[in-house]
Amino acid sequence: MAAQPVPEVDVAVVGGGPAGLAAAAEAAKGGLRVVVLERGHAIGEPVRTSGGSFIKPLRALGVPERCYHPIHRIRVIGPTTEALKTYRKAVGCVLDVRATYQWLAQQAIEAGAEIRLRAHVEGPLRNGRVRGVSARDPFRGRYDLTSHVVVDASGHTGFLARDTGLRAGNERSAVGMELELHSPAYDQDEVVFWLGDAVAPGGYGWAFPCGDGRVRLGVGVVRPDSDAEPRVLLAGLREEFTRLVGPTAGSGPLEMHSGLMPVLKPNATQLVADGIVVTGDAAGQGSTLLGEGIRYAIHAGRGAGRAIVGAGGDYTARGMASYPREWRRMSGRDLRISYAVNERICRFGDADWDRVIRRMDKLTSRQAAAVFASSFSPIWALSVLWTDPSLVRSVWRALRTRSVAPR
């Protein structure tokens, strides 16, 4: 029998976002030869996410403080209601997305991974199983990169996972657009969320301060639940923002960001198969409640990288099964609840949002922060039972109605 060709690398990572870079760093730390194929001209550009996150989980992931701006107040403005939660010690934050991605890239490079920019991956190489990818870049032209394992970290398209039958297409997607403004008059300690049909039907608007007098003003909706156009909604939100801050001189846009996030049913993606691992947005590994994905992507990518190293050369679905097990254990419950709630709130009208905000006003600041962070632990549920038992019952009903059997 003819000898099989020796793969050029151990791991080919498709996508230089947080999941792909985290997977690359872990795999390279384990002594594997790793190449990251990033289609963009730079890591972290263009910016496609607002960067809202939470400090405690970011610290646990080792993200340096220079990569985020802390938040001390969260204000939620509804059609006729409003709630404000204050935090002496900052809980939430807004990430410097470029700095975070490039820090992750530095971690991967220092571990020994190679990053190739402007590398366009055209599809998987298969010979009974996935054995690499077909790619092209300005330096090498078109080429085949053979590998023991391919990591699909290609973002919302998840095109390798779809090509190999590990997931379906995006039936639902969150669509967001924002302006990063220079606005010295905006309070850098406060995040604002706007809810209601006038702002974003079935979605929400936001103002996220990111330091140095800058604030990200954006709006997001879910397709096909809403056919509202984010560009039009953002123009209307700028008027709301002016009413909040006041007409001030020296305020104006510096950047425009837009992005997509898949809204996939939890466990709808098969995370591992022979020769391939799926992670990050490609696997729908983010909170669909507020569209937060970066910290989940880092966690998932690291788990994928550890599983590849731990496979000890057995790069089959069975050999890398520790990754989906760890992911379900760490995030399964919270993301199932987030998805169930997302399906319900996408149908909300103004009266529903006002009711939600009145409910939120009853919660303690700590309880409310857990909701924003999609952290629905049993401890949270017990604490809320004393404050607002109906909220726990609503979450439980949503989960029972929309629960998905794990795979």
Side-chain angles (χ1 to χ4, degrees), residues 11 13-15 17-27 29-30 53-54 56-58 60-63 104 130 149-156 158 160-162 164-168 170 261-312 314-342 373-378 399 402-407:
V11 185
V13 179
V14 180
L21 294 169
E26 289 296 324
K29 285 177 189 175
S53 196
F54 295 86
K56 185 176 179 179
L58 290 177
L61 291 167
V63 177
L104 288 165
V130 176
V149 185
V150 171
V151 176
D152 183 357
S154 60
H156 77 280
L160 292 172
R162 288 191 287 109
T164 51
L166 301 184
R167 56 159 280 195
N170 297 332
M261 179 180 178
V263 183
L264 301 178
K265 291 181 180 179
N267 306 310
T269 302
Q270 184 178 329
L271 298 181
V272 292
D274 294 354
I276 184 168
V277 173
V278 191
T279 190
D281 271 0
Q285 291 170 317
S287 170
T288 53
L289 183 59
L290 289 179
E292 185 195 359
I294 292 176
R295 63 181 168 101
Y296 293 99
I298 298 171
H299 171 67
R302 287 180 179 172
R306 286 193 297 269
I308 292 169
V309 174
D314 178 12
Y315 301 118
T316 63
R318 183 174 181 178
M320 299 183 291
S322 62
Y323 161 49
R325 283 199 303 268
E326 177 187 336
W327 175 252
R328 285 196 297 267
R329 185 179 70 252
M330 296 295 293
S331 304
R333 177 196 61 232
D334 289 344
L335 297 190
R336 286 198 305 274
I337 293 174
S338 295
Y339 184 86
V341 173
N342 170 273
S374 299
S375 181
F376 301 102
S377 68
L399 184 59
R402 300 294 181 183
S403 62
V404 180
R407 295 175 62 178

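Computed from a predicted model, the values in this text were never measured in an experiment. Just so it is clear, the values below take in all heavy atoms, side chains as well, and ignore hydrogens, waters and symmetry mates.
Taking CG of Leu104 as the start and CG of Leu61 as the end, the distance is 9.0 Å to the nearest 0.5 Å. With values rounded to the nearest 0.5 angstrom, Lys29 atom NZ is found 6.0 Å from Arg302 atom CZ.
Counting heavy atoms from C-beta on, the side chains of Thr279 and Gln285 come closer than 4.5 Å. Proximity of Asp334 to Ser287: side-chain heavy atoms (C-beta onward) are nowhere separated by under 4.5 Å. Looking at heavy atoms from C-beta onward, Ser331 lies in side-chain contact with His299 at the 4.5 angstrom threshold. The shortest side-chain heavy-atom distance between Glu26 and Val309 does not fall under the 4.5 Å cut-off.
The two atoms that bring Ala373 and Tyr296 nearest to each other are O-OH, 3.5 Å, heavy atoms only. Considering all non-hydrogen atoms of both residues, Asp152 and Ala161 come closest at OD2-N, 2.7 Å. What you find for Ala300 and Trp327 is that their closest heavy atoms are CB-CZ3, 3.7 Å. Nearest heavy atoms, Tyr315 versus Met320: O-CE, 3.6 Å. Taking all atoms of both residues into account, the shortest heavy-atom contact from Ala19 to Gly280 is CB-CA, 3.6 Å. Residues Leu264 and Ala283 share a closest heavy-atom pair of CD1-C, 3.9 Å.
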| query | After noting the C-alpha distance and the side-chain angles of Ile308 and Val151, does the key distance pass the side chain to side chain contact (heavy atoms under 4.5 Å, CB included) rule? | reply | CA-CA 10 Å; Ile308 292 169; Val151 176; 3.7 Å; yes
| request: Determine, stepwise, if the pair Ile298 / Val63 fulfils side chain to side chain contact (heavy atoms under 4.5 Å, CB included). | output: CA-CA 10 Å; Ile298 298 171; Val63 177; 4.3 Å; yes
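Remark: the backbone N or O of Pro266 is not paired with any side-chain donor or acceptor of Arg336 at under 3.5 angstrom. Checked by atom type and distance alone, the side chain of Asp274 pairs as donor or acceptor with a backbone atom of Ala317 at under 3.5 Å.
Using a 4.0 Å cut-off between charged side-chain N and carboxylate O, Arg329 and Glu326 make no salt bridge.
Screening Thr288, Asp281, Thr269 for a side chain to side chain contact (heavy atoms under 4.5 Å, CB included) with Pro262, the sole residue that qualifies is Asp281.
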